[in-house]
Amino acid sequence: MEARLTTEAIIEDCKHWQSHCFICTMQGLRETNHEMFYCKNDDSQDAKAWMLNVQHKVKYDGFCACFRCGMPQSECPGWNNQSRCAYRGILVPTIAAMVYGPQAGNIKLLWEEQLTEAGVDLSDHIAIGKYLGKVGKPNHSKLFDMYCWLHGMYPMSRE
């Protein structure tokens, strides 16, 4: 898979993960129509713990993302108080699954390297949330950029 995918391709893929458990899907399990929050799979527990520790600590810099989901504002209308968020509950749980799930392999080490190089204390969930909420590439949050980076490295077959 290409390491650099277009924003449009990433956005399209995100739609698949709405109400689908990434870990259960990647393991080829039958029951995948649930959010990680509700996952009972023993293999999801580390990822779920990280997700629960980080998801509400991400505070986005102004105008870099939908404040509810972290997607670019050009893609999600949820940043406008009058509109419904279209991608809530996708980025943080999917990153958690890619980095802390049973198939992470070397991805966890590369993730930790990226955060350490950015000066983020890996044991400080507030610092991680603050980093992920910063402005990344133009009109993106670091959260979205990290999702794109991880997505490009992860074996995303869903057959």
Measure across [X] and [Y] and return the closest heavy-atom pair with its distance rounded to 0.1 Å.
X	Y	result
N139	P72	O-CB, 3.5 Å
D145	G136	OD2-CA, 3.1 Å
C69	C76	SG-SG, 3.8 Å
C14	M71	SG-CE, 3.8 Å
H151	M98	N-SD, 4.0 Å
V120	I128	CG1-CG1, 3.7 Å

Problem - Flag, side chain of Q73 to backbone of A65, donor-acceptor distance under 3.5 Å - result: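 Yes: the side chain of Q73 pairs with the backbone of A65.
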
Find the distance between [atom1] ([X]) and [atom2] ([Y]) and round it off to the nearest 0.5 Å.
X	Y	atom1	atom2	answer
I90	F22	CD1	CZ	12.5 Å
I126	N53	CD1	CG	10.0 Å
I107	E112	CD1	CD	12.5 Å
L109	Q114	CG	CD	12.5 Å
N41	M36	CG	CE	10.0 Å
M26	H20	CE	NE2	11.0 Å

Determine whether [X] and [Y] fall in the same hydrophobic cluster, where Ile, Leu, Val, Met, Phe, Trp and Tyr are linked whenever their side-chain heavy atoms lie under 4.5 Å apart.
X	Y	answer
M146	L122	yes
V135	W149	no
F37	V58	yes
Y38	L52	yes

Exercise for the section: Could you walk me through whether V99 and W50 pass side chain to side chain contact (heavy atoms under 4.5 Å, CB included), step by step? Expected result: CA-CA 10 Å; V99 175; W50 185 87; over 6 Å; no

Handout entry: Worked verdict on Y87 versus L91 for side chain to side chain contact (heavy atoms under 4.5 Å, CB included)
Key = CA-CA 8 Å; Y87 300 97; L91 294 182; over 6 Å; no

Exercise for the section: Give the intermediate values and the outcome of side chain to side chain contact (heavy atoms under 4.5 Å, CB included) for residues K134 and S141. Expected result: CA-CA 6 Å; K134 290 181 183 250; S141 64; over 6 Å; no

Practice task
Taking the six-membered ring for Trp and the single ring otherwise, decide whether the centroids of H140 and F144 are under 6.0 Å apart.
Solution key: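 Aromatic pair counts; centres sit under 6.0 Å.
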
Practice task
Give me the one residue out of C39, C24, C21 that meets side-chain contact (heavy atoms from CB on, under 4.5 Å) with L29.
Solution key: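 The residue from C39, C24, C21 that satisfies side-chain contact (heavy atoms from CB on, under 4.5 Å) with L29 turns out to be C24.
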
Handout entry: Distance-only donor-acceptor check, side chains D13 and W17, under 3.5 Å
Key =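 W17 and D13 do have a side-chain donor-acceptor pair below 3.5 Å.
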
Exercise for the section: Among residues two or more places apart or on two chains, list those pairs meeting side-chain hydrogen bond (donor to acceptor under 3.5 Å, both in side chains) that have a residue in residues 55-71. Expected result: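 Not a single pair qualifies under side-chain hydrogen bond (donor to acceptor under 3.5 Å, both in side chains).
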
Exercise for the section: Begin from the C-alpha positions of Y100 and M51 and carry the test side chain to side chain contact (heavy atoms under 4.5 Å, CB included) through to its verdict. Expected result: CA-CA 9 Å; Y100 296 97; M51 174 195 74; over 6 Å; no

